[in-house]
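Okay, structure first, notes after.
Below, chains carry the letters A, B, ... as their sequence lines are ordered, and counting in each starts from 1.
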Protein chains: 2
Amino acid sequence: MGVTIKTIAKELGVSYATVSRALNDHPDVNEETKKRVISKANEMGYQPNAIARGLVNNETKTIGLVIPDITNPFFPQVARGVEEAAVTADYNIFLCNTNWNPEREDHYVNALMQKQIDGLIMTPSSEDVNHLKNLLNSQLKTVFISSFIPLNDYTSIIVDNAKGTEKAMNYLIKKGHRNIAFIGAGEERYANQERLKGYKNSLKKHDIKIEDKYITNVKNSYDRKSGFDLMNQIIDNFNKKKLPTAVICYNDLLALGVIQALRLKGFKIPEDMAVIGFDDISFSSLPEVQLTTIAQPKYEMGKIALETLIEKIKTGSEKKFENKIVLSPELKIRATT
Amino acid sequence: MGVTIKTIAKELGVSYATVSRALNDHPDVNEETKKRVISKANEMGYQPNAIARGLVNNETKTIGLVIPDITNPFFPQVARGVEEAAVTADYNIFLCNTNWNPEREDHYVNALMQKQIDGLIMTPSSEDVNHLKNLLNSQLKTVFISSFIPLNDYTSIIVDNAKGTEKAMNYLIKKGHRNIAFIGAGEERYANQERLKGYKNSLKKHDIKIEDKYITNVKNSYDRKSGFDLMNQIIDNFNKKKLPTAVICYNDLLALGVIQALRLKGFKIPEDMAVIGFDDISFSSLPEVQLTTIAQPKYEMGKIALETLIEKIKTGSEKKFENKIVLSPELKIRATT
DNA sequence: ATGAAAGCGCTAACAG
DNA sequence: CTGTTAGCGCTTTCAT
């Protein structure tokens with residue numbers, strides 16, 4: 001239907017190889033004919049068929065971005081970073097939301113592999129990626145974001161989680177807090193382990209006893225509701241005077257739920273209880289919210305992910321890459337502390 | 001490199017046409033051999049090459065989603081809707097952020113066309129789409145979201161904008177408001193015209209005079225800052241007692257800026273001034289925000305966009321489609337009115 | 001029911 | 001510098 005390389009070859013009375021060469025700015029092709037070809041191509045509205053090109057070149061200039069949920073405010077920024085870097089490298093990206101569902105994750109990865117993506121960026125629903133058999137058996141260049149997958153040949157772009165919570169803790173302690181709670185996301189998550197480590201480190205350095213009763217974990221989801229529910233439990237479980245004076249949460253969504261629970265019970269923030277989150281999602285900087293938080297450089301993470309992915313693609317398998325690239329989090333002090 | 005149809009044909013000592021047929025569940029192929037082929041394929045970890053398949057079938061099972069900015073809280077929900085419908089139809093989607101830049105928009109559309117997408121869903125940066133020459137010259141099936149493009153062969157998924165503002169106005173008037181301001185997004189936008197129409201309609205029906213001084217427009221961007229600035233201007237321009245008692249904004253982001261300006265000037269909301277937005281972005285339902293707003297069914301819009309796109313693709317060009325599909329907005333009454 | 005062969009649109013040797 | 005040819009992996013006639 002469309003105009004192909006052959007159509008324009010026929011028009012010009014040259015072989016279609018010549019047209020291909022001209023269009024690809026190949027060195028040995030007469031300047032004159034090159035011009036003729038190009039102008040003819042424009043005239044006829046020729047659009048190269050990237051699919052056909054991909055078939056012969058074994059490269060599609062396409063990468064996959066598989067994330068849990070673009071609706072979760074953490075990811076749009078990441079996606080933006082990925083994309084911004086992708087335009088400059090001339091790649092297009094397939095967006096896939098797994099909805100935190102491992103089967104769907106696998107389904108997507110397979111679909112993308114069949115579509116011959118050149119590389120994959122993903123935030124898996126869990127750090128156990130053994131369900132992604134085809135991916136693991138493949139040579140597909142892959143970069144993980146925000147989860148640490150300690151496998152060879154993969155690199156993970158993460159933030160220095162321990163340093164993040166440690167900064168936040170140091171700040172709280174300097175402000176006079178001694179009884180600080182940690183609301184985590186379960187022990188399996190690498191990021192949670194690290195954040196807890198930072199929490200404990202700071203406590204140790206300041207000679208403050210680590211109290212298990214101050215360390216709790218949310219069960220399934222890391223959303224507002226979980227934070228809300230858990231905080232209510234905490235308030236109920238503690239003798240009023242033994243309540244912590246500050247709480248640091250695994251992420252901002254949890255922190256928002258925590259705050260809501262506190263307000264509903266009549267607590268003043270930060271006077272009665274200081275609250276710190278992690279991530280710095282878009283919600284947190286709203287004037288109405290003003291959540292103190294440990295910011296992840298989300299946009300940058302996406303950008304770096306894409307850039308290292310491209311590098312991996314370009315260099316084949318000879319070069320060794322780091323297993324993780326660690327960025328620095330930043331403590332954003334706002335109104336909840 | 002990978003295992004292809006030929007590899008497995010050789011293994012089995014059959015022609016590769018047979019393998020193709022077996023794998024595609026073609027009617028006339030012996031049940032026995034079909035089984036052998038399939039099990040062999042699984043054994044060898046065969047993955048069909050969708051690129052090659054696309055080349056011969058002229059169909060890639062891929063569509064493009066071109067939006068201004070996934071970071072704008074309106075779009076993640078839309079994207080989610082598109083994607084959710086896409087999985088069931090077995091399509092993958094290319095995500096492109098144009099950053100409200102028409103050249104980039106054109107660049108992306110071209111890139112996607114070269115990658116042989118089967119269809120396109122897009123929210124253009126402006127309703128004038130004449131810069132998208134290649135798209136307009138092509139037969140590419142296209143559905144627009146949230147902008148009305150009155151061209152033949154295209155269909156736009158929009159909300160009944162006039163009805164939306166009219167509902168909101170009726171509600172405000174019933175609450176006793178008589179001096180109500182409208183903060184628009186400029187006269188060019190179809191949605192703005194419609195929303196303004198709804199505003200005026202309600203006024204007329206209630207025999208309230210339409211006053212031009214109450215109708216203003218934000219200049220370039222429809223974000224929080226614009227709303228903030230414009231509201232400050234309004235407060236300064238009006239004699240205190242002649243200020244409107246309510247304001248209805250083109251979108252939620254503007255409304256948030258408006259609220260911020262008001263609060264900073266000491267206004268109580270909703271007592272001193274009621275504020276209504278449009279869209280119902282994620283921010284608006286936060287307990288900290290509780291913005292009354294006219295909700296667009298964003299997820300649904302995305303879903304319907306994908307579904308009608310698929311239908312267009314399936315039916316070729318014989319069938320005629322509506323030029324617009326209009327959904328109903330819903331007034332969500334919260335704390336700012 | 002199966003095989004042989006053509007061809008989708010393109011690039012990349014290989015000749016000349 | 002240009003044309004001829006093979007082939008990327010697959011589907012689909014056309015024979016058998």
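- For the pair B:I8 CD1 and D:dG9 C1', the interatomic distance rounds to 13 Å; values are reported in whole Å.
- In this entry the distance linking CD of B:E31 with P of C:dA1 reads 9 Å, nearest Å.
- A straight line from CZ of A:R36 to P of D:dC1 spans 15 Å, rounded to a whole angstrom.
- When the side chain to side chain contact (heavy atoms under 4.5 Å, CB included) test is applied to B:K319, the partners found at least two apart in sequence or on another chain are B:E311, B:T315, B:F321.
- Applying the 4.0 Å criterion to OP1 and OP2 of D:dC8, one finds that B:T4 has every side-chain N and O outside that range.
- Here the P atom of nucleotide C:dT11 and the NZ atom of A:K6 are 13 Å apart, to the nearest Å.
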For nucleotides 11-16 of chain D, 5' to 3', base contacts (B), sugar-phosphate-only contacts (S) and non-contacts (-) with protein non-hydrogen atoms under 4.0 Å give BBB---

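- Separating the CG atom of B:N30 from the C1' atom of C:dG3 is a distance of 15 Å, rounded to the nearest angstrom.
- Here ring-ring contact (aromatic ring centres under 6.0 Å, His included) pairs that include residues 5-51 of chain B, with residues two or more places apart or in two chains, number zero.
- For the pair A:K34 and D:dC1, the criterion of a side-chain N or O lying under 4.0 Å from OP1 or OP2 is not met.
- Within the 3.5 Å criterion, the main-chain N or O of B:F148 finds a donor-acceptor partner in the side chain of B:E127.
- Across the protein-nucleic acid pair, A:N58 atom CG and D:dG7 atom P stand 16 Å apart, rounded to whole Å.
- Partners of A:S15 under the side chain to side chain donor-acceptor pair (under 3.5 Å) rule, at least two apart in sequence or in another chain, are A:T18.
- Looking at which nucleotide of DNA chain C each of B:G13 and B:L55 is closest to, the 5′-most match is held by B:G13.
- Taking the side chain of B:P48 as heavy atoms from C-beta on, and the options D:dC1, D:dC10, C:dT2, the nearest nucleotide is D:dC10.
- Residues A:I117 and A:T60 come closest through the heavy atom pair CA-OG1, 3.8 Å.
- Using modelled atom types, one finds a donor on one side chain and an acceptor on the other under 3.5 Å when comparing A:D128 with A:N130.
- Using a 4.5 Å heavy-atom threshold, the side chains of B:V37 and B:I8 count as touching.
- Side-chain nitrogen and oxygen atoms of A:T33 include at least one within less than 4.0 Å of the OP1 or OP2 phosphate oxygen of D:dT2.
- Classified by interplanar angle (parallel below 30°, tilted 30° to 60°, perpendicular above 60°), the ring pair A:Y222/A:W100 is perpendicular.
- Two end axes, each from the C1' atoms of five base pairs, can be drawn for the helix from C:dA1-D:dT16 to C:dG16-D:dC1; they diverge by 50°, to 10 degrees.
- Checking D:dG3, C:dT2, C:dC10 against every side-chain atom of A:S15, the shortest atom distance belongs to D:dG3.
- For A:E59 and C:dA12, the CD to P distance is 10 Å, given to the nearest whole Å.
- Checked against ring pair (Phe, Tyr, Trp, His ring centres under 6.0 Å), B:F144 has the following partners two or more places apart in sequence or in another chain: B:Y154.
- Here the P atom of nucleotide D:dG9 and the NZ atom of B:K10 are 11 Å apart, to the nearest Å.
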